[in-house]
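Model, not experiment: these values are computed from the prediction. In what follows, chains are A, B, ... by sequence order, proteins preceding strands, each numbered from 1.
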2 protein chains.
Amino acid sequence: MLTQAAEDYLKSIYKLQEKGGKVSTGILAEYLDVKPASATGMIKKLKSMNLVSHERYQGVTLTDAGKVIALEVIRHHRLLELYLFKALGIPWDGVHEEAEKLEHVISEDVEARMDEFLGYPTADPHGSPIPDKNGVVPETVSMPMTSLQNGQSCVVAEVSDSDSALLRHLGSFNLYPGTAFQVIEVAPFEGPFTIDIAGQQAVIGREVAKNIFVSNVQET
Amino acid sequence: MLTQAAEDYLKSIYKLQEKGGKVSTGILAEYLDVKPASATGMIKKLKSMNLVSHERYQGVTLTDAGKVIALEVIRHHRLLELYLFKALGIPWDGVHEEAEKLEHVISEDVEARMDEFLGYPTADPHGSPIPDKNGVVPETVSMPMTSLQNGQSCVVAEVSDSDSALLRHLGSFNLYPGTAFQVIEVAPFEGPFTIDIAGQQAVIGREVAKNIFVSNVQET
DNA sequence: TATATAATTTAGGTAAGCCTAAAATAATTT
DNA sequence: AAATTATTTTAGGCTTACCTAAATTATATA
C-alpha cells in the first residue's frame with residue numbers, strides 16, 4: 001500500500017504528462033505546491049519502487065505499474081466527485097476539495113457501489129472522463145472554446161475543475177457539461193465571447209473561455 | 001486541526017471512560033493496539049493542548065474541550081456507518097472499518113447532508129447512539145442479554161460493533177437492533193440461551209450474548 | 001518490612017514527508 | 001568560450017507517531 005503523498009505524486013505526474021510532454025522536477029513541485037527538493041526525494045522513492053522512470057535533469061515518466069496506480073486514484077477522485085454531486089447534492093465547485101481527501105481512503109467495495117449507484121458513468125461533474133475498473137479512459141473529443149468562430153453552436157464538454165471561484169462563475173451562466181450554446185460574437189483582438197445560452201446572452205472573457213472545452217461544433 | 005492519531009486517542013478515551021471509570025495508560029494502549037510508551041507520548045501532547053487531564057499513574061480524563069472533539073469524531077463515525085449501510089448497502093459487518101478511515105476526512109458539510117438524507121437519525125446500524133450536532137448523546141436504556149430470564153421477551157437495542165465475524169454471526173439469526181425475540185430457555189451453570197426469533201429457534205452462547213444489549217424486557 | 005511483580009515513564013531510535021541552504025549541473029546570453 | 005542564470009540535487013533539520021529497552025514508581029505478596 002502506497003502513502004497518500006506517493007499517490008498524489010503519481011496522479012500529478014499522470015496529469016502533467018497528459019498536457020505537456022516532459023514533467024520536470026520543478027514543474028511537478030510547483031503543481032503540488034512543494035519545494036523542488038521535496039519532489040526530488042519522492043521521485044527517488046517512486047523510482048526505487050519502479051513506479052516512475054527518471055534520469056537526472058531529464059524529467060519523470062510513469063512506468064506501466066505507476067500508470068495503473070495513477071489511473072486508480074483518478075478513478076476514485078472522479079467517481080467521488082460525481083457521487084458527492086448527485087447523491088449528496090454538494091455544489092460542483094465544492095466536490096473537488098472533498099474528493100481530494102476521500103480518494104485515498106475509500107475501499108474498492110465502496111467505489112464499486114458508488115459506480116453501480118451512478119449507473120457506471122463515464123464523466124465527472126466537470127466533464128472529465130472517468131477511467132473504468134481496468135484503467136481504460138473513455139475517449140473524449142473536444143476543442144478549446146477559444147477556437148470558436150462567430151455563429152458556431154456547440155455543447156460544453158469539459159471545464160477545468162481546480163478553481164472553485166471559476167466554477168461558481170460558470171454555474172451562474174448554466175455552463176455545465178452538456179449545456180448547448182451559440183457564439184453571437186467574438187470580439188476582435190483576443191476579446192471576450194458573447195454567447196447565447198438557451199435564449200440568455202452572456203459575455204465570457206478570454207481567460208475564462210480558456211478553461212472551457214466544447215464538442216459538437218456546428219455552423220448555424 | 002488535530003491529527004488523525006490524536007482524534008483516535010480522544011475517541012478511545014471517551015469510550016473507555018464510558019465503560020469502566022479510570023482510563024490507565026496501559027488500558028488505552030491495549031485498546032489502540034500500540035505500546036504503553038506510545039500512549040504516554042500522545043497523552044503528554046493532548047495534555048499540553050488541554051484536551052485531557054493526567055497525573056502520572058492516575059489515568060487520563062477528557063477535559064470539556066477534549067470531550068467536545070471526542071463526540072464530534074464519534075458522531076462522524078456513527079453517521080458514516082449508517083450512511084454506508086443505508087445509502088450504499090454495505091453490510092453491517094463492514095461499515096465499522098470503512099467509517100474508521102472516513103471519519104477523519106469528511107467535512108461538516110458532507111456530514112450535514114448525510115444527516116439530512118438519513119432523516120436525523122439517533123442510532124447507527126449497531127444501535128449505538130449518534131450524538132447530535134451539539135454533542136448531545138441520545139439517552140438509551142438497555143441491559144445485557146445475559147441478565148435475561150426464561151420466558152422474557154425483549155428487543156435488541158445494541159450490539160458491539162468491532163468484531164465483524166460476530167456481526168455476521170448475529171446477522172445470520174437476524175439479530176439486528178429492533179429485532180424482537182423471546183427467551184425459551186437459559187441453560188444452567190452459565191450456559192447458552194435458546195431463543196425464539198419470529199418463530200425461528202436459535203441457540204446463542206454466553207460469550208456471544210455478552211455483546212448483545214436489549215430493551216423492552218417483558219414477562220410473557 | 002522487604003521483595004517480587006506490574007504499570008508507567010524516560011531515553012533514544014525509525015520512517016515519512018516536508019523544509020532551507022548550499023553545491024552541482026545544464027542552459028542561455030554576451 | 002566565458003559568464004550569467006535557472007534548474008536540480010545533496011546535505012542537514014524538523015515534526016508526527018510509532019517503536020524498543022531501561023529506569024522509575026506503585027502495588028501485591030511473603
task: Please round to the nearest 0.5 Å and tell me the distance separating atom CD of B/E97 and atom CG of B/D161.
output: 12.0 Å
query: Does C/dA16 have OP1 or OP2 sitting under 4.0 Å from an N or O in the side chain of A/Y9?
result: no
task: Check whether the side chains of B/H77 and B/E81 place a donor and an acceptor atom closer than 3.5 Å, and report yes or no.
output: yes
message: Enumerate the salt bridge (charged side-chain N to carboxylate O under 4.0 Å, His left out) contacts for residues 102-115 of chain A, please, sequence neighbours excluded, ordered by first and then second residue.
response: A/K11-A/E103, A/R75-A/E111, A/R75-A/D115, A/D109-A/R113
Whole-Å distance separating the NE2 atom of A/H104 from the C1' atom of C/dG17: 14 Å
query: Which whole-number value in Å describes the distance from B/L28 CG to C/dA7 C1'?
result: 14 Å
query: If we call it a pair only when both distances are under 3.5 Å in a Watson-Crick or G-U wobble match, what pairs with C/dT5?
result: D/dA26
message: Salt bridge check, A/K210 against A/E207: does any charged N sit closer than 4.0 Å to a carboxylate O?
response: yes
field: Protein-nucleotide distance (A/L46, atom CG; C/dA16, atom P), rounded to Å
entry: 12 Å
task: Would you please confirm or rule out a distance under 4.0 Å between OP1 or OP2 of C/dC18 and any side-chain N or O of A/K35?
output: no
message: Under the salt bridge (charged side-chain N to carboxylate O under 4.0 Å, His left out) definition, can you give me all pairs with a residue in residues 15-39 of chain B, not counting sequence neighbours?
response: none
message: Check the phosphate of C/dC19 against A/S38, side-chain N and O only, distance under 4.0 Å to OP1 or OP2. Yes or no?
response: yes
statement: side chain to side chain donor-acceptor pair (under 3.5 Å) test vs A/D93 passes for just one of A/R168, A/H126, A/H169, namely A/R168
Spacing between A/D33 atom CG and C/dG17 atom P, to the nearest angstrom: 17 Å
Distances under 3.5 Å only, N/O to N/O: pair up the protein atoms with those of nucleotides 8-11 of chain D.
residue	atom	partner	partner atom	Å
D/dT8	OP2	A/G26	N	2.8
D/dT9	OP1	A/H54	NE2	3.4
D/dT9	OP2	A/T25	OG1	3.0
D/dT9	OP2	A/T40	OG1	3.3

message: Whether B/K45 contacts D/dA17 is assessed here as follows: a side-chain N or O lying under 4.0 Å from the phosphate OP1 or OP2. Is that the case?
response: yes
